[in-house]
Amino acid sequence: MKICVLPGDGIGPEITAEAVRVLRALDLPLEFAEAPIGGAAYRALGHPLPESTLDLARRSDAILFGAVGDFSLDTLPRELRPEQAILGLRKAFNLFANFRPARVYPELVHASTLKPEIVAGLDILIIRELTGDIYFGQPRGIRTLENGVREGFDTMHYSVPEIERVAHVAFQAAMKRGKRLCSVDKANVLDTMQLWREVVTAVGKAYPEVELSHMYVDNAAMQLLKNPKQFDVIVTGNLFGDILSDEASMLTGSIGLLPSASLNDKNFGLYEPIHGSAPDIAGKGIANPLATILSAAMLLRFSGGLEAAAQRIENAVEKVLAQGYRTGDIAEPGLRTVGTKEMGDAVLAAL
Ligand code: IPM
Ligand code: MG
């Protein structure tokens, strides 16, 4: 497999380096090539998603992505901001299905801000639609009305095929897990979401074994805190999925543990931790590399079909947590707090 490595900004280079070390240690026929992305690419080449980086990605079988985002570039016109790199990649490769699993490791039950009995044993999967919705809807902009008042506007929309394809992915994922799917929408207020509910219900007819339920997004935000274990798989749109997946990450204790896969219909994927570039700790060697290492496992599973190798990585991560290795974000008195590279070393040793 040819793997395109896009480290990006902030802690991105530190965490992807550890994931690449882990992948290299597996003795698989993997080739790596790296390119700049995000703020780093803007500084080097004048654009957050340079054509040369896109080309490298096109010639690869999968993308391992670090993080983008750099406060000092926030005043650039929107199309040049670092975040446009990840949005552009999602669009360029049609990565419409975003898998964001949230699992609570037994050793980390106390790392969550919620009571242990609420989160112990939690294992949910959020499937977020990733190439539509208000993120990409036109028209959008900031305009001045005739009366001189400025207003901002964005457009939410979903077409039937867009909803159908992500619904199929979600039902199929549910079939492989607990066979329960909760579709999250705002059908009580938004027409787009009324169509969402209608289409997901229709697609569900093809999956009679899956128990389908529907929930409004405000209630879902509450239920995730009240009783998160009621969920198996959640499917939702781009904007709601962005918000709910950050919320779900906190159930597990740290956003530094959560991997993600963004897939198209050809199993090409972009794999990234769900956290951002964390500029406040960049370059200090203290970021948690486990979310990126676990993203590398998802890469082997989804784009490489290498289930056994993916499980080796996941088992190694479980082992280092059981051994008591902790980065600062999940530090506990009495356990060993390590830096990014030491955590990578521990995973390699466990492998
Ligand atoms: C995410 C991030 C991105 C998003 C940003 C960086 C554009 O928050 O992947 O969840 O909003 O999708
Ligand atoms: Mg987000």
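Here the structure is a predicted model, which means the values were calculated and not measured. The figures that follow rest on heavy atoms only: side chains count, while hydrogens, waters and symmetry mates do not. Order of appearance sets the numbers: ligands from 1, and atoms from 1 within every ligand.
Not one N or O of Glu272 is nearer than 3.5 Å to an N or O of ligand 1, by distance alone. For ligand 1, the polar-atom distance check against Glu83 finds no nitrogen or oxygen pair separated by under 3.5 Å.
The closest approach between Arg81 and ligand 1 stays at or above 4.0 Å for every heavy atom of the residue. At least one heavy atom of Arg128 sits closer than 4.0 Å to an atom of ligand 1.
Using a cut-off of 4.0 Å between Lys/Arg side-chain N and Asp/Glu carboxylate O, Arg177 and Asp232 are scored as salt-bridged. Remark: Arg21 engages Asp345 in a salt bridge, criterion side-chain N to carboxylate O under 4.0 Å. A salt bridge between Arg165 and Asp265 is absent, with no side-chain N of the basic residue lying under 4.0 Å from a carboxylate O of the acidic one. Between Arg301 and Glu314, at least one side-chain N (NZ, or NE/NH1/NH2) sits under 4.0 Å from a carboxylate O, which counts as a salt bridge. Remark: Arg326 does not engage Glu107 in a salt bridge, criterion side-chain N to carboxylate O under 4.0 Å.
Phe153 carries Arg143 over the face of its six-membered ring, with the cationic atom under 6.0 Å from the centre and within 45° of the normal. Cation-pi geometry between Arg128 and Tyr135 is met: the NZ or CZ atom falls under 6.0 Å from the ring centre, inside 45° of the normal.
Of all the heavy atoms of Arg100, the ones lying under 4.0 Å from any atom of ligand 1 belong exclusively to the side chain. At a heavy-atom distance under 4.0 Å, no atom of Gln84 approaches ligand 1.
In terms of protein heavy-atom proximity, atom 2 (C) of ligand 1 is closest to Asp242 OD1, 4.0 Å. The nearest heavy-atom contact from the protein to atom 4 (C) of ligand 1 is Tyr135 OH, 3.4 Å.
Considering just the N/O/S atoms of Asp242, the one nearest the Mg ion (ligand 2) carries the name OD1.
In summary, Asp246 places no N/O/S atom under 2.8 Å from the Mg ion (ligand 2), failing the contact criterion.
Distances below 4.0 Å separate heavy atoms of Arg90 from the following atoms of ligand 1: 1 (C), 4 (C), 9 (O), 12 (O).
Tested against Asn288, the residues Thr292, Ile286, Leu290 include a single side chain to side chain contact (heavy atoms under 4.5 Å, CB included) partner, Leu290.
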